[in-house]
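Lettering follows sequence order; numbering is per chain, from 1.
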Amino acid sequence: MRYWLFKSEPSTWSWDQQVAKGDTGEEWDGVRNYQARNFMREMAVGDRGFFYHSQSEKAVVGTVEVIAEAHPDSTTDDDRWECVDIRALHAAKTPVTLDQIKADPRLSDMVLVKNSRLSVQPVSKAEWQIICDMAGLPG
DNA sequence: GCCAACGTTGGC
DNA sequence: GCCAACGTTGGC
């Protein structure tokens, strides 16, 4: 199983909206970046990811599970763009902020720190465990 | 609201 | 195929 991070502006698509979709989940659509798309193509059903709020909140707020592999993005006719489907798993007891992540030397290599603009990114297993511990999330 | 960083586009 | 211009993102 691999680990990822999905970034969204809460004003566009929030954790609460994702939770409201329940086990049906929702497309992670709207990605128009090749790197992010390529990571989605690597995803397998059952992979886990963090749900991160950018902009005002800047924090990991929960975990999600990939429930469908990459398929064409229904929000565009451009066949270059694909997306996976994800469903909410667990809400963080304590959201882990970008400040906390930056303050932890064990997390200094995270893509979130190094390339803040990438909206879909891989997370190492070690990083996953550290942030789950900080958030009060089941690993 | 600003600006730096970065990705994409299009002209050559 | 290069590179300048432009648009977008996201942290501050």
Nearest non-hydrogen partners of A/Val61 and A/Pro95, listed with the distance: CG1-CB, 4.3 Å
Which of these nucleotides, B/dT8, B/dC6, B/dG7, is closest to any side-chain atom of A/Arg117? B/dC6
A/Asn115 CG to C/dG11 C1', straight-line distance once rounded to whole Å: 13 Å
In whole Å, what is the span from the NZ atom of A/Lys114 to the P atom of B/dA4? 23 Å
To the nearest Å, give me how far apart CD (A/Glu57) and C1' (C/dG10) are. 14 Å
I need the CD-P distance between A/Glu9 and C/dT8, as an integer number of Å. 12 Å
Before we go on, tell me: are the rings of A/Trp13 and A/Phe6 under 6.0 Å apart, centre to centre? no
Quick one: does A/Arg32 reach the base of C/dT8 with a side-chain donor-acceptor pair under 3.5 Å? no
Figure out the CG/C1' separation between A/Asp78 and B/dT8, and round it to whole Å. 13 Å
Rounding to an integer number of Å, can you tell me how far A/Tyr34 OH sits from C/dT8 C1'? 15 Å
Rounded to whole Å, CG of A/Leu112 lies from C1' of C/dG10 at a distance of 11 Å
Check ion pair A/Arg87-A/Asp23 (N to O, under 4.0 angstrom): yes
In terms of ring plane angle, is the pair A/Phe51 and A/Trp15 parallel, tilted or perpendicular, where the classes change at 30° and 60°? perpendicular
Select one nucleotide: of C/dG11, B/dG7, B/dT9, the one nearest the side-chain heavy atoms of A/Ser54. C/dG11
Would you please confirm or rule out a distance under 4.0 Å between OP1 or OP2 of C/dG11 and any side-chain N or O of A/Tyr52? yes
Regarding A/Leu118, tell me which of base, sugar-phosphate or nothing describes its non-hydrogen contacts under 4.0 Å with the strands shown. nothing
Interatomic distance, A/Gln35 CD vs C/dT9 P [rounded to whole Å]: 15 Å
Do the side-chain N or O atoms of A/Lys7 get closer than 4.0 angstrom to the phosphate oxygens (OP1, OP2) of C/dG10? yes
So if I apply the side chain to side chain contact (heavy atoms under 4.5 Å, CB included) rule between A/Met134 and each of A/Thr94, A/Ile101, A/Leu107, which one comes out positive? A/Leu107
Distance check: side-chain N/O of A/Lys102 vs OP1/OP2 of C/dC12, anything under 4.0 Å? yes
Side chain of A/Asp99 only, heavy atoms from C-beta on: which candidate in B/dT8, C/dG10, C/dC12 is closest? C/dC12
Phosphate-side-chain proximity, A/Gln55 and C/dT9, N/O vs OP1/OP2 below 4.0 Å: no
